[in-house]
Structures are given as structure tokens and as C-alpha cells.
Amino acid sequence: MTAHELLKEWRDVQWFIPLDHTRGKSQKASNGCLYRWLREGAVIINDAKPKPEDQITFPIKNLIFFPKGNRRTII
């Protein structure tokens with residue numbers, strides 16, 4: 001499973017995926033938004049910053065969104 005596929009799947013069933021605030025309102029992150037977060041290094045999975053097409057190895061030990069920002073979310 002790629003990093004992008006993982007986030008897309010979890011976005012629909014988990015509460016912890018951050019909301020997208022780029023359009024002036026809070027809404028569920030789109031596929032493009034998730035892809036951009038991965039491409040720009042805003043997501044850390046298992047102590048690595050995967051690109052959208054990188055394969056993810058299970059189990060997931062840690063998941064961090066926006067590691068350097070005010071909206072840092074650690075799972």
C-alpha cells in the first residue's frame with residue numbers, strides 16, 4: 001500500500017486526519033491535499049517522510065502531521 005492510498009483510506013474512517021484549512025473553511029482533506037502534504041514532507045510515517053508513491057511497511061508505529069507547524073498532530 002502506498003502512503004497516499006493509506007491516508008485516503010484512513011481519512012474516510014478515522015477521526016485523526018487533520019482538516020484542510022486552505023480554502024478559508026475547515027473541511028475533510030481532499031485527495032489532492034493529502035498528495036500535496038506527502039510531496040511536501042508534511043507527514044512522517046514510521047520516522048520517515050514518504051513520498052505519495054512510496055510503499056508503507058506495517059505496523060505503523062508513529063504518524064505525525066505537520067511536524068514543524070502549529071497544527072502538529074502526533075498519533
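Just so it is clear, the structure is predicted and the values come from calculations on it, not from any experiment.
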Fill in the blank from the handout: Closest non-hydrogen contact found for T2 with I56 is C-CG1, 4.0 Å
Exercise for the section: Locate the shortest heavy-atom distance separating M1 from F58; write the atom from each residue and the value. Expected result: SD-CZ, 4.1 Å
Side-chain donor-acceptor contacts of residues 39-47 below 3.5 Å, not counting sequence neighbours, with atom names and distances?
residue : atom : partner : partner atom : Å
N46     : OD1  : K61     : N            : 2.6
N46     : ND2  : T57     : O            : 3.2
N46     : ND2  : P59     : O            : 3.3
D47     : OD1  : N62     : ND2          : 2.8

Exercise for the section: Give the cluster check for L34 versus F66: same hydrophobic cluster or not, with ILVMFWY residues linked at side-chain heavy-atom distances below 4.5 Å. Expected result: yes
Practice task
Mind checking side chain to side chain contact (heavy atoms under 4.5 Å, CB included) for K51 and listing every partner two or more places apart, or none if nothing turns up?
Solution key: E53, D54
Fill in the blank from the handout: d(K8 NZ, Y35 OH) to nearest 0.5 Å is 11.0 Å
Handout entry: Between CG on residue L7 and CG on residue L63, distance to nearest 0.5 Å
Key = 6.5 Å
